[in-house]
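Notes for the one structure printed next.
Side-chain atoms are counted along with the backbone in the values below, which use heavy atoms only and exclude waters and symmetry mates.
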Amino acid sequence: MRIIDLRSDTVTKPTEAMREAMARAEVGDDVYGEDPTVNRLQEMVAGLLGKKAALFVPSGTMANQLAIRSHAQPGQEVIAETKAHIVRYEQGAAGALAGVQLHWVAGDRGIMQPEQVEAAIRPKDPHSIQTALICLENTHNAGGGTIYPLSTIERIRAVASAHGVPMHLDGARLFNAVAATTLPPAAYAQHFETVSVCLSKGLGAPAGSLLLTNDPAMMDRARRFRRMYGGAMRQAGILAAAGIYALEHHVGRLKDDHENAKRLARKLQQIPAISINPQHVDTNIVIFDVVGNRLSASAIVAALKQEGVLINAIGVTSFRAVTHLDVSTKQIDVAVEAFARVLR
Ligand code: TLP
């Protein structure tokens, strides 16, 4: 049985052509700044996002955490949406490693409004904790792959600038937003002092993320914290080559994943036990609920696994399915048949 793995777009495996690019990569010691392939990737991504500099790091979590550590002082506060990856899935690193407190703001499918952000910024009085950073996530993972409207970002930026607070974008899936809107990545990135992007989600590279900024002092701090956090690698060009290959070959095809996600959502809606609004599927993430079924979420996940379909439960009745380059349209249809059998 061929497994249809919809748990995440992180499960993709490097293609033969990507592996060849990795095998051929010219390498050097990146701690000395001497890996030509890492340098090429950094320049390429900086150019795409319209930033002066990029830093290659092992993971999206590290890119976000370097941003938080480099922007904020211990004892300060960072604003993030309640379901943000930084809040939910980074093992409390902002508190544990940067010594900051996260201030959650509940968005609508992950999207915060400027008025909410403004209300969360602390007054500059001597009693109050100080706001060091505002973090946005685009697309928003737990919100359901939601695209941040550019106009909302612009209005949040205006609030941030009025209060002198910098902004960080968790752009792990920024290229999904780019593929869906056809806006250039720089149109989003220009509003943020720092941006992280991942190569190992829908782009299909085995590992690697980048942190971007225009500010040389910020880049210097991030580079030092990368070393402190154990993320300074040596002949990392092997990984960077996969990233370059992914950016050259896998950005355009992200819209296929979005089509597959919409198809999955429309078909799941036909199953009586499933509650889903296909209109809420902006990109490659499909979040839905199973209502009134005798099976628990973990029992449903286990039953689907028996049928060769892997998904994640993300709540008592909620599930997440993610489309990616290792799942075909045909497999979406096969997966829906498995859902129908399990939830009959
Ligand atoms: N997300 C993973 C899990 O950690 C939940 C997934 O399967 O979606 N920002 C966002 C928005 C993310 O979705 C992720 C990974 C990260 C950051 C972290 O990237 P990595 O896994 O490279 O540390």
Output for pair (Asp108 CG, Met112 CE), nearest 0.5 Å, gives 12.5 Å
Quick one: are Val286 and Arg320 in side-chain contact, heavy atoms under 4.5 Å? no
Under 4.5 Å between side-chain heavy atoms, hopping through other hydrophobics if needed: is there a path connecting Val327 to Leu254? no
Side chain to side chain donor-acceptor pair (under 3.5 Å), paired with Arg173, selected from Asn138, Asp9, Thr283: Asp9
Please report the shortest heavy-atom distance between Ala297 and Ala313, naming the atom on each side. CB-CB, 3.9 Å
Quiz question: by atom type and distance under 3.5 Å, do the side chains of Arg157 and Ser161 form a donor-acceptor pair? yes
How about Phe288 and Ser318: do any of their side-chain heavy atoms sit closer than 4.5 Å? no
Should the heavy atoms of other residues, nucleotides or ligands under 6.0 Å from CD of Glu154 be counted, would the total exceed 12? yes
Can you tell if the side chain of Ile156 reaches within under 4.5 Å of the side chain of Tyr148, non-hydrogen atoms only? yes
Residues His85 and Glu90: side-chain donor-acceptor under 3.5 angstrom: yes
Using a distance-only test with no angle check, is there a side-chain donor-acceptor pair under 3.5 angstrom linking Ser196 and Asn64? yes
Going by atom types only, do His324 and Asn284 share a side-chain donor-acceptor pair under 3.5 Å? no
Distance-only, no hydrogens or angles: does the Thr194 side chain make a donor-acceptor pair with backbone N or O of Ala67 under 3.5 Å? no
Is the backbone of Arg40 close enough, under 3.5 Å, to the side chain of Glu43 for a donor and an acceptor to pair up by distance? no
Look at Arg263 together with Asp333 and state whether they make a salt bridge at an N to O cut-off of under 4.0 Å. yes
Got a donor-acceptor contact below 3.5 angstrom from the Gln270 side chain to the Lys267 backbone? no
Short side-chain to backbone donor-acceptor contact, Thr323 and Asp257, under 3.5 Å: yes
Nearest 0.5 Å, what's the NE2-CD1 distance between His71 and Ile134? 11.0 Å
Atom CZ of residue position Arg341 - does it have more than 12 heavy atoms of other residues, nucleotides or ligands inside 6.0 Å? yes
Is there a donor-acceptor pair under 3.5 Å between the side chain of Thr131 and the backbone N or O of Ile121? no
How far apart are the C-alpha atoms of Val178 and Asn176, what are their side-chain angles, what is the distance that settles it, and do they pass the side chain to side chain contact (heavy atoms under 4.5 Å, CB included) test? CA-CA 5 Å; Val178 164; Asn176 291 88; over 6 Å; no
Is there a chain of hydrophobic side chains (I, L, V, M, F, W, Y, each step under 4.5 Å between heavy atoms) that links Val281 to Ile271? yes
Given the options Val57, Leu48, Leu41, Leu49, Leu210 meets side chain to side chain contact (heavy atoms under 4.5 Å, CB included) only with Leu41
Testing the basics here: between Asp35 and Gly237, what is the closest heavy-atom pair and its distance to 0.1 Å? OD2-N, 2.8 Å
Treat each ILVMFWY residue as a node, draw an edge where side-chain heavy atoms are under 4.5 Å apart, and state whether Met167 and Leu174 are in one component. yes
Does either side chain, that of Thr317 or that of Asp289, offer a donor lying less than 3.5 Å from an acceptor on the other one? yes
Kindly say whether Arg109 contributes a backbone atom to a donor-acceptor pair with the side chain of Thr146 at under 3.5 angstrom? yes
Mind checking whether Ile111 and Thr152 have side chains closer than 4.5 Å, heavy atoms only? yes
Would you please test Arg155 and Glu115 for salt bridge (charged side-chain N to carboxylate O under 4.0 Å, His left out) and show each step? CA-CA 9 Å; Arg155 286 161 57 225; Glu115 302 74 29; 3.4 Å; yes
Can you see which heavy atom on Gly143 is nearest to which on Ile287, and at what distance? C-CD1, 4.3 Å
Regarding His168 and Glu193, is there a side-chain donor-to-acceptor distance under 3.5 Å anywhere? no
Separation between CE of Met44 and CG of Asn39, rounded to the nearest 0.5 Å: 14.0 Å
Is the shortest distance from a Lys or Arg side-chain nitrogen in Glu137 or Lys83 to a carboxylate oxygen in the other one below 4.0 Å? no
Side chains of Lys51 and Thr213: closer than 4.5 Å at any heavy-atom pair? no
Exam field: side chain Lys262 to backbone Pro278, donor-acceptor pair closer than 3.5 Å: no
Within the structure provided, determine whether Met219 and Asp215 are in side-chain contact (heavy-atom separation under 4.5 Å). no
Nearest-0.5 Å distance that lies between atom CD1 in Ile4 and atom CG in Asp326: 12.0 Å
For Thr37 and Ile244, run side chain to side chain contact (heavy atoms under 4.5 Å, CB included): C-alpha distance rounded to whole Å, both residues' side-chain angles, the deciding distance at 0.1 Å, then the answer. CA-CA 9 Å; Thr37 311; Ile244 293 170; 3.9 Å; yes
Show your working on side chain to side chain donor-acceptor pair (under 3.5 Å) between Asn260 and Thr329 and close with a plain yes or no. CA-CA 6 Å; Asn260 280 339; Thr329 306; 2.8 Å; yes
Hydrophobic clustering (ILVMFWY, side-chain heavy atoms < 4.5 Å, transitive) - are Val197 and Met233 grouped together? yes
One pair to check against side chain to side chain contact (heavy atoms under 4.5 Å, CB included): Glu81 and Trp104. What are the steps and the verdict? CA-CA 5 Å; Glu81 203 275 333; Trp104 307 353; over 6 Å; no
Are side-chain heavy atoms of Thr61 and Tyr89 found at a separation under 4.5 Å? no
If I take atom CZ from residue Arg227 and atom CG from residue Leu66, how far apart are they, to the nearest 0.5 angstrom? 13.5 Å
Do Leu310 and Leu304 pass the side chain to side chain contact (heavy atoms under 4.5 Å, CB included) test, and can you show the C-alpha distance, the side-chain angles, and the key distance before you say yes or no? CA-CA 6 Å; Leu310 306 184; Leu304 281 167; over 6 Å; no
Between His249 and Tyr245, how do the two ring planes meet: parallel, tilted or perpendicular, split at 30° and 60°? parallel
Mark yes or no for whether Arg226, through its side chain, and Phe56, through its backbone, hold a donor-acceptor pair below 3.5 Å. yes
Under a 3.5 Å distance rule, please check whether Asp30 uses its side chain to pair with a backbone N or O of Gln235 as donor and acceptor. no
Do Asn141 and Arg88 have side-chain N/O donor and acceptor atoms under 3.5 Å apart? no
Using only atom types and a distance under 3.5 Å, with no angle test, would you say the side chain of Glu307 pairs donor to acceptor with the backbone of Phe339? no
Which of His163, Gln76, Glu77, Gln130 passes side chain to side chain donor-acceptor pair (under 3.5 Å) with Arg122? Answer is Glu77
Starting at CZ of Phe192, measure out to SG of Cys135 and round the result to the nearest 0.5 Å. 9.5 Å
Take a 6.0 Å sphere around CD of Gln91 and say whether it holds more than 12 heavy atoms from other residues, nucleotides or ligands. no
Shared hydrophobic cluster, Ile274 / Val334 (ILVMFWY, side-chain heavy atoms < 4.5 Å): yes
Presence of salt bridge, Asp29 and Arg234, under 4.0 angstrom: yes
Evaluate the side-chain proximity of Asn312 to Phe319: yes if any heavy-atom separation is below 4.5 Å, no if none is. no
